[in-house]
Amino acid sequence: MPRYNPKDVEPKWQDRWNEAGAFAAERDGDKPKYYVLEMFPYPSGRIHIGHVRNYAMGDVIARYKKACGFNVLHPMGWDAFGMPAENAAMQTGAHPRDWTYANIDVMRGQLKQMGLAIDWSREFATCDPEYYRHQQRMFLEFWKKGFAYRKESQVNWDPVDQTVLANEQVIDGKGWRSGAPVERRKLSQWFFKITGEADDLLAALDDGRLAGWPDNVRLMQRNWIGKSKGLQMMFRFVGATDLPAELADGVEIFTTRPDTLFGASFIAVAPDHKLAAHFAETDPKLKEFITECQKTGTSEEAIEKAEKRGYKLPVEMGHPFDDRRLPVFVANFVLMQYGTGAIFGCPSGDQRDLDFARKYGLPVPPVVLPPNEDPATFRIEDEAYVGPGTIFNSGFLDGLSTDDAIAAAIKKIEEMGEGEGKIQYRLRDWGVSRQRYWGCPIPAIHCEACGIVPVPAGDLPVLLPAVDAEEFKTPGNPLDRAADWKNVPCPECGKPGRRETDTMDTFVDSSWYFARFASQPEDRPTDKKTVDSWLPVDQYIGGVEHAILHLLYARYFSRMMKACGYLSVEEPFSNLFTQGMVVHETYLDSDETKSLKDRWLLPEEVVRRDGKVVHAESGAPVIVGAIEKMSKSKRNVVSPEAIAETYGADAARWFMLSDSPPERDVEWTDAGVEGAWKLVNRVWDAVAPAKGALKPHDLANPPGDMDEAGVALRRATHAAIDGVTEDIEHFRFNKAIARIYEFLNTLKKTPPMKKADGSPANSVRAEAFAQAEALAALVRLVAPFTPHLAEECWETLGGPETGMGELVCDAPWPKADPALLAKDEIVLAVQVNGKRRAEIAVAASADNETVEQAALSDETVKRHIDGKTVRKIVVVPGRIVNIVAN
RNA sequence: GCGGGCGUGGCGGAACAGGUAGACGCAACAGACUUAAAAUCUGUCGGGAGCAAUCCCGUGCCGGUUCGAGUCCGGCCGCCCGCACCA
């Protein structure tokens with residue numbers, strides 16, 4: 001019997017698929033379409049095993065759906081713009097373009113080695129001018145329609161590197177590379193008006209348009225959009241102020257809790273608020289305080305976690321409902337981006353306000369009485385009460401519920417003409433400007449006379465200028481220094497102008513790539529008819545880390561593209577699956593004289609010897625660290641190439657889908673992949689001796705004279721088909737795999753049916769049929785998971801001669817016969833007072849009375865109810881019997 | 001800080017919609033084959049008591065609902081992820 005050798009077999013079938021054009025998607029005939037898409041990779045250098053898991057999942061779906069008769073689109077491309085290429089340029093001197101395309105070449109080869117059923121003819125990278133030129137064209141249209149606009153916003157600025165920093169590049173308030181304290185700086189930037197679609201983006205989460213999305217992702221998006229109803233109102237200064245006219249009116253605040261207005265004890269504005277800026281002009285200490293606040297990063301997390309601090313302004317404000325005077329602070333926990341950048345503080349009803357009030361000795365009047373509390377004894381100590389209750393200490397609101405009080409307070413303020421009920425969103429407009437080189441240039445020209453002018457459509461694309469690789473080692477944005485490129489005449493007046501040097505956020509690139517995969521006309525982003533024939537994506541698969549931004553931006557982008565006539569769907573992804581990460585142990589060299597950075601060891605540098613973990617070469621002890629997401633910095637990565645080299649792509653794919661549920665993290669272990677390798681061989685060992693077994697049988701016509709063993713095998717076969725099909729449909733790959741194991745165990749335990757001895761001829765024919773059917777099913781069931789192995793088995797069994805398909809990837813998915821799934825006899829557990837005491841076998845069709853009698857007559861059951869009175873018998877048909885006795 | 005997720009044998013996990021906890025895999029142990037090892041095959045495998053039949057305990061912790069709770073409810077504890085310029 002030939003040994004299975006993936007090194008020969010896998011490339012052989014990859015070539016055969018290629019020659020046959022097996023995975024080209026074509027919109028012809030009357031087959032229904034199915035679009036499977038995995039989030040495309042960033043070309044970071046090499047494929048890691050996390051990619052293998054992601055793409056293996058999509059591949060199972062693609063191959064399964066193809067077998068089920070769908071016309072499948074399963075494309076691949078590269079999310080190729082972004083910071084790592086520029087970081088690499090700074091470190092190694094390689095030009096981002098060269099670095100990126102070289103990485104793509106390597107990674108394409110690695111993906112092909114995995115045997116994915118991908119239509120490679122549609123591949124592109126987002127840094128291809130042929131892709132981003134269309135993005136520029138859409139940008140101009142969005143601009144014209146008012147979807148794109150400019151406004152000022154805050155960024156993290158590194159004064160040494162002369163660059164804007166991502167939040168992840170700010171560590172303890174300092175730039176990651178320069179170590180210089182980060183400043184917050186205002187820049188004029190481009191935005192997409194995503195808030196204009198906030199309502200529809202929110203509505204679609206619940207109206208069925210995203211029924212195929214996981215609840216947790218929809219919830220995260222709902223929270224992100226953060227629709228809240230509240231009150232926007234003015235607080236007025238007490239007495240005369242010498243403030244300029246635009247500030248003298250007072251401070252406009254937004255609150256979701258107008259019911260707690262009587263609990264107000266201060267007013268606070270954000271450090272970026274214009275009122276703060278005004279007083280800072282004449283107050284150096286305030287100026288210093290604001291600068292201090294700006295050293296906190298721009299992330300919401302950093303701001304929320306920082307100690308609550310404030311600076312008191314020399315003004316006071318009146319309470320709208322009584323004659324109290326409230327102090328006014330500049331406070332570091334008030335966010336300028338949300339609401340109006342100003343709040344009223346109610347310490348008894350908000351933890352941040354309470355912390356602040358305690359720190360600055362402000363009063364804490366309680367105004368919401370929790371249920372079952374006595375107003376005489378209720379006190380706020382260290383915890384604010386944020387829940388519902390009855391309003392007290394609150395004048396005209398006393399005795400109302402929180403909900404009623406909210407309505408009453410809004411009504412009153414509206415009557416007073418001091419404000420109105422308002423809906424606020426947490427969602428902010430999408431800032432798409434990036435002060436970087438390696439991104440899609442924003443097609444605009446600044447002109448002293450004409451302002452900001454669009455690049456004429458005929459002049460597109462605005463290509464990135466050729467920049468010397470050395471340029472990236474100089475601080476700042478190379479585009480700013482590319483004089484030849486930057487200095488151009490204004491397209492409107494012809495006077496000297498300069499190009500916009502901002503490039504687009506890479507989330508823009510990934511917001512429409514799925515549409516471009518479906519349709520790639522040369523002269524426009526998409527051909528509407530073609531793209532509509534494929535969209536929406538039927539199954540989108542990717543990491544949960546994209547649950548909010550990428551998926552929300554893509555949803556918004558579809559709406560903009562629809563408005564411009566490029567496609568017809570609002571929601572581009574009808575079903576979403578978010579898979580977990582691949583994690584691995586980390587290993588640390590025990591030599592503490594080295595810097596931590598240099599002590600991390602690759603998994604292949606480490607071996608387990610006599611229960612100890614040691615360095616493979618030196619034998620020195622190794623510290624086993626936490627199990628973490630695979631990352632370059634901790635070196636806990638395994639190379640898919642090395643795995644494929646040793647065990648083959650099939651084993652790697654199988655392992656990545658077995659054991660752990662796909663939505664959960666999976667730990668990569670050597671033992672695990674060895675287990676998968678064993679499986680590959682067990683399948684081969686089951687198939688190889690049955691060479692040509694399929695040819696003599698017509699699987700559609702089972703013989704009628706099957707004996708018991710044959711019927712048992714057929715039942716197992718059809719149970720496996722049924723179970724695996726259900727499991728794949730529901731993304732339970734780990735369970736599908738468990739069922740395949742079960743089936744294979746049964747198959748192996750069934751004695752060989754082609755007997756050479758004197759068995760009756762009919763029986764041999766019938767049993768051989770059962771076995772052929774089992775093998776044909778087995779091979780097709782494993783095909784989505786281990787496609788190369790399946791092809792080799794299919795050929796060996798004589799599959800091509802059955803008329804089902806030359807290749808198993810073209811063969812139809814097996815169908816379970818319901819008649820073989822039904823059981824005649826079932827085993828029921830019998831409980832006495834809720835504890836399992838016995839099992840009884842009854843006919844599947846037995847009625848409750850029969851079941852009760854069978855249960856009561858069981859010896860063990862009798863013993864347990866002896867001397868007691870049976871009070872009740874619960875019979876759950878097909879499941880359990882519970883006898884209640886005392 | 002806010003939001004989301006997860007806690008089941010030595011390990012990854014299974015358990016449908018409240019109905020036999022531990023499917024399937026890994027590891028481990030015992031045996032077969034082998035000069036030997038690897039590979040392969042067979043068996044055992046949550047803890048405890050018992051020769052056995054069988055019984056007691058057991059799904060992070062405390063409490064509740066129910067004939068019946070890993071699953072539902074309330075309260076804790078622990079771990080992981082996201083938070084707008086990483087992709």
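Naming: A, B, ... by sequence-line order, numbering from 1 per chain.
- The distance between atom NE2 of A:His730 and atom P of B:rA15, rounded to the nearest whole Å, is 12 Å.
- Geometric assessment of A:Arg150 against the ring of A:Trp190 yields a positive cation-pi assignment under the 6.0 Å and 45° thresholds.
- Listed by first residue number, the stems of RNA chain B with at least three Watson-Crick or G-U pairs below 3.5 Å are B:1-7 with B:77-83, B:10-12 with B:24-26, B:28-32 with B:40-44, B:46-49 with B:54-57, B:60-64 with B:72-76.
- Residue contacts shown for A:Glu674 are absent, as no nucleic acid heavy atom lies under 4.0 Å away.
- A sub-4.0 Å separation between OP1 or OP2 of B:rG7 and a side-chain N or O of A:Arg664 is present.
- By the 4.0 Å N-to-carboxylate-O rule, A:Asp215 lies close enough to A:Arg218 to be salt-bridged with it.
- The residue A:Ser433 sits close to a base: some heavy atom pair falls under 4.0 Å.
- To the nearest 0.5 Å, atoms CD1 (A:Ile880) and CD (A:Glu839) are separated by 10.5 Å.
- Rounding to whole angstrom units, NE2 of residue A:His546 and P of B:rC86 are separated by 12 Å.
- For A:Lys359, the NZ atom is densely surrounded, since the number of other residues' heavy atoms within 6.0 Å is greater than 12.
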Checklist entry - Using a cut-off of 4.0 Å between protein heavy atoms and nucleotide atoms, how would you tag nucleotides 43-57 of chain B 5' to 3' with B, S and -? => result -----------SSSS

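- Rounded to whole Å, the distance from CZ on A:Phe655 to C1' on B:rA27 is 13 Å.
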Next on the checklist: Apply side chain to side chain donor-acceptor pair (under 3.5 Å) to residues A:Arg555 and A:Gln221 and explain how you reach the verdict.
Outcome noted: CA-CA 11 Å; A:Arg555 295 178 58 210; A:Gln221 293 217 344; 2.7 Å; yes

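- By the 4.0 Å N-to-carboxylate-O rule, A:Lys308 lies too far from A:Asp355 to be salt-bridged with it.
- Because its glycosidic torsion is within 90° of 0, B:rG9 is reported here as syn.
- The distance between atom OH of A:Tyr553 and atom P of B:rA87, rounded to the nearest whole Å, is 12 Å.
- Phosphate contact (OP1/OP2 of B:rG25, side-chain N/O of A:Ser658, threshold under 4.0 Å): absent.
- For A:Glu825, there are no salt bridge (charged side-chain N to carboxylate O under 4.0 Å, His left out) partners two or more places apart in sequence or in a different chain.
- In this structure, of B:rC83, B:rC86, B:rG12, it is B:rC83 that holds the atom nearest to the side chain of A:Glu301.
- In this structure, A:Glu726 atom CD and B:rA17 atom C1' are separated by 15 Å, rounded to whole Å.
- Here B:rC24 is the nucleotide among B:rA87, B:rA14, B:rC24 with the atom lying nearest to any side-chain atom of A:Glu742.
- Checking B:rG3, B:rC85, B:rG68 against every side-chain atom of A:Gln831, the shortest atom distance belongs to B:rG68.
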Taking distance alone, no hydrogens or angles, what donor-acceptor pairs closer than 3.5 Å link side-chain atoms of residues 540-552 of chain A to residues at least two apart or in another chain?
residue: A:Tyr540; atom: OH; partner: A:Tyr513; partner atom: OH; Å: 2.6
residue: A:Tyr540; atom: OH; partner: A:His550; partner atom: NE2; Å: 2.7

Next on the checklist: Using the rule given for salt bridge (charged side-chain N to carboxylate O under 4.0 Å, His left out), can you reason through A:Arg732 versus A:Glu729, listing the C-alpha separation, both sets of side-chain angles and the distance that settles it, and then say yes or no?
Outcome noted: CA-CA 8 Å; A:Arg732 297 184 294 235; A:Glu729 286 280 352; over 6 Å; no

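- Rounded to an integer number of Å, the gap from CE of A:Met656 to C1' of B:rG25 is 13 Å.
- Considering only side-chain N and O atoms, A:Asn216 lies nowhere under 4.0 angstrom from the phosphate OP1 or OP2 of B:rC81.
- One atom, CH2 of A:Trp654, and another, C1' of B:rC26, lie 15 Å apart when rounded to the nearest Å.
- Closest to the side chain of A:Val876, from the set B:rA84, B:rG19, B:rG25, is B:rG19.
- The phosphate of B:rA14 (OP1 or OP2) has a side-chain N or O of A:Asn734 nearer than 4.0 angstrom.
- Cation-pi geometry between A:Lys227 and A:Tyr425 is not satisfied (NZ or CZ under 6.0 Å from the ring centre, within 45° of the ring normal).
- The gap from the P atom of B:rG63 to that of B:rA69 amounts to 15 Å, rounded to the nearest Å.
- Every residue meeting the ring pair (Phe, Tyr, Trp, His ring centres under 6.0 Å) condition with A:Tyr131, not counting sequence neighbours, appears here in chain and number order: A:Phe124, A:Trp512.
- If you measure from atom CG of A:Leu657 to atom P of B:rG13, you get 14 Å, rounded to the nearest angstrom.
- Less than 4.0 Å separates RNA chain B from at least one heavy atom of each of the following residues of residues 877-886 of chain A: A:Arg879, A:Ile880, A:Asn882, A:Val884.
- Residue contacts for A:Gln189: at a heavy-atom cut-off of 4.0 Å it reaches a base atom on one of the strands shown.
- Checking the phosphate oxygens (OP1, OP2) of B:rA84, no side-chain nitrogen or oxygen of A:Arg428 falls inside 4.0 Å.
- Using a 4.0 Å cut-off between charged side-chain N and carboxylate O, A:Arg434 and A:Asp502 make no salt bridge.
- In this structure, A:Lys735 does not reach the B:rC16 phosphate: none of its side-chain N or O atoms is under 4.0 Å from OP1 or OP2.
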